[in-house]
Trainee: 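Here it is, the structure, as structure tokens.
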Amino acid sequence: MAEAKHLKTDPLTHYPELQLFIAGEWISKGSRKSEPVLNPATGEVLGELPHATEEDLDRALAAAEEGFRVWRAKLPEERSAVLRKAASLMRERGEQITTVATLESGKPILQSRVELKMSTDVLDWYAEEGRRAYGRVLTQRQPGSRMYVVKEPVGPVAAFAPWNFPQGNPARKMGASLGAGCSCVFKPAEDTPATALLMAKCLQDAGLPDGVLSIVFGVPHVVSTYLLNSPVIRKMSFTGSVPVGKSLMKLAADKMIRTTMELGGHAPVLVFEDADVEAVLKMAVAAKFRNGGQVCVSPTRFLVHDSIFDEFVAGFTAKTREIKVGNPLDENNQMGPLIHARRLEAISSIIDDAVQAGATLETGGALIDGPGFFYLPTVLSNVPHNARIMNEEPFGPVAIINRFSDFDAVISEANRLPYGLAAFAFTDSAKRVKLLGEQLEAGMIGINSFAISTPDSPFGGIKESGHGSEEGIEGLEACLVTKLISEV
Ligand code: NAD
């Protein structure tokens with residue numbers, strides 16, 4: 001049953017009723033298939049998530065077609081005002097949004113608050129950048145002629161986001177599409193649906209016309225296949241794993257639609273002998289275990305110069321043992337659970353395999369007993385190349401520390417994998433910094449810093465880590481098409 005303009009919230013837990021949001025209506029489960037959404041810190045059920053039926057998806061597609069007509073006709077400053085207002089409502093409702101994000105993702109609450117700031121900044125960025133979708137006028141080729149280039153919104157976007165940034169991923173997907181003047185059918189992760197719904201409510205309350213945005217859930221490949229087979233969709237934006245990205249690209253190819261693919265990574269971190277080891281350790285341990293390592297740009301392979309290797313391993317291990325793991329709603333805890341039982345099994349298996357292959361387990365390497373999906377922060381050193389973890393994205397709370405002594409050899413190791421998302425390096429040598437910038441194969445390179453994501457910087461990878469960028473002027477451009485008009 002459709003219930004217009006309403007999103008029910010449990011006043012005690014802050015957790016909203018899980019609904020679909022289609023054509024401006026909040027749609028309850030009714031007789032639809034559904035799945036439980038779990039609190040990964042306790043294993044308890046937070047809510048029952050309805051799966052969209054084919055009829056629901058058809059309604060969302062029809063709404064996106066009509067919504068695109070309405071939204072693209074608005075003045076850029078009108079669209080900008082809606083996005084800005086939505087960001088401001090998110091800030092006002094920040095306590096509920098961050099609590100819900102932590103409840104369903106297990107991300108420590110302080111990190112959810114940082115993510116709220118980042119996400120509202122992203123909406124504000126697209127609100128502004130959408131006003132600057134400029135074209136250009138070319139020089140005349142004959143008297144009285146005129147040629148000009150205009151940028152237009154590409155059309156309805158199908159967007160699919162994972163659970164690791166329950167606010168950040170939706171902000172990027174919705175912000176880019178709506179900022180460019182596109183409509184959007186969005187499938188957030190089934191693990192973290194309520195955060196995205198609360199954000200959609202902010203957009204609705206900010207004045208987003210009905211149908212411009214729909215939020216649907218279901219079995220991921222069923223929903224994405226259905227949407228991508230529709231002639232209505234003109235662009236796909238996906239964040240997730242490389243194998244799923246490849247399968248979605250094949251579907252997109254059949255309709256020749258534009259794609260932005262933000263896939264996995266296996267970030268190398270090169271630590272040279274002139275780096276300030278203590279300063280690097282402080283930043284590195286925090287960056288590694290942020291969100292339990294479930295971050296696509298998470299520093300993964302620490303490649304440390306031979307002369308500081310022992311000191312680095314000892315320091316990293318000591319700091320890792322100090323990390324407080326537990327209830328993510330408790331501000332004192334720095335790491336919460338992993339997202340679901342599958343991730344816990346995946347991380348256990350890849351770490352066990354590394355130890356069997358001959359890696360040294362410096363600390364961690366075990367599940368934490370009790371309810372929820374907790375795993376100890378783990379450090380492995382001297383990991384051989386044939387271990388799975390040296391080749392597959394671990395996506396969890398584990399650091400690999402290996403040694404190097406030669407510049408060319410460490411560059412070759414850093415570039416060895418098909419991934420090319422983020423790479424980091426720590427050194428005081430200006431000459432080396434220049435070479436690193438030229439030679440590391442990654443879409444984002446952090447030198448003496450792990451901070452590589454801001455609303456105005458392009459976020460995206462190369463090689464099998466995907467293509468296209470989110471944020472930056474590139475993020476808006478990805479939702480625009482170029483049209484040449486030649487007048488005589
Ligand atoms: P997964 O690959 O099953 O799911 C990852 C996300 O993709 C989920 O949100 C899921 O709903 C979505 N998804 C999966 N198949 C889809 C499809 N056919 N169509 C549309 N969406 C689809 O695995 P998981 O266990 O949730 O995560 C494991 C792997 O996913 C990690 O190892 C990592 O490589 C990758 N991942 C990457 C990011 C990132 O930020 N790039 C984020 C989360 C997960």
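As a basis for the values below, the full set of heavy atoms in this structure was taken, side chains included, without hydrogen atoms, waters or symmetry mates. One-based numbering, in listed order, for ligands and for the atoms of each.
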Trainee: Indicate yes or no: does Arg93 engage Asp205 in a salt bridge with an N to O separation below 4.0 Å.
Mentor: yes
Trainee: Between Arg91 and Asp124, is there a salt bridge with N-O shorter than 4.0 Å?
Mentor: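 So Asp124 pairs with Arg91 through a salt bridge.
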Trainee: Got a salt bridge between Asp254 and Lys250, using NZ or NE/NH1/NH2 to carboxylate O under 4.0 Å?
Mentor: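 No.
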Trainee: Applying ring-ring contact (aromatic ring centres under 6.0 Å, His included) as the test, list every pair that has at least one member in residues 212-246; sequence neighbours left out.
Mentor: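 Every candidate ring-ring contact (aromatic ring centres under 6.0 Å, His included) pair involving residues 212-246 fails, so no pair, neighbours aside, qualifies.
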Trainee: Ion pair present between Glu464 and Lys246, side-chain N to carboxylate O less than 4.0 angstrom?
Mentor: yes
Trainee: Hey, which residues fall under 4.0 Å of ligand 1 on heavy atoms?
Mentor: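 Lining ligand 1 at under 4.0 Å, by heavy atoms, one finds Phe160, Ala161, Pro162, Trp163, Asn164, Lys187, Ala189, Glu190, Pro220, His221, Ser224, Phe238, Thr239, Gly240, Ser241, Val244, Leu248, Glu262, Leu263, Cys296, His340, Arg342, Arg343, Glu393, Phe395.
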Trainee: Between Phe302 and Phe404, is the gap from one ring center to the other below 6.0 Å?
Mentor: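 Between Phe302 and Phe404, the centre distance exceeds or equals 6.0 Å.
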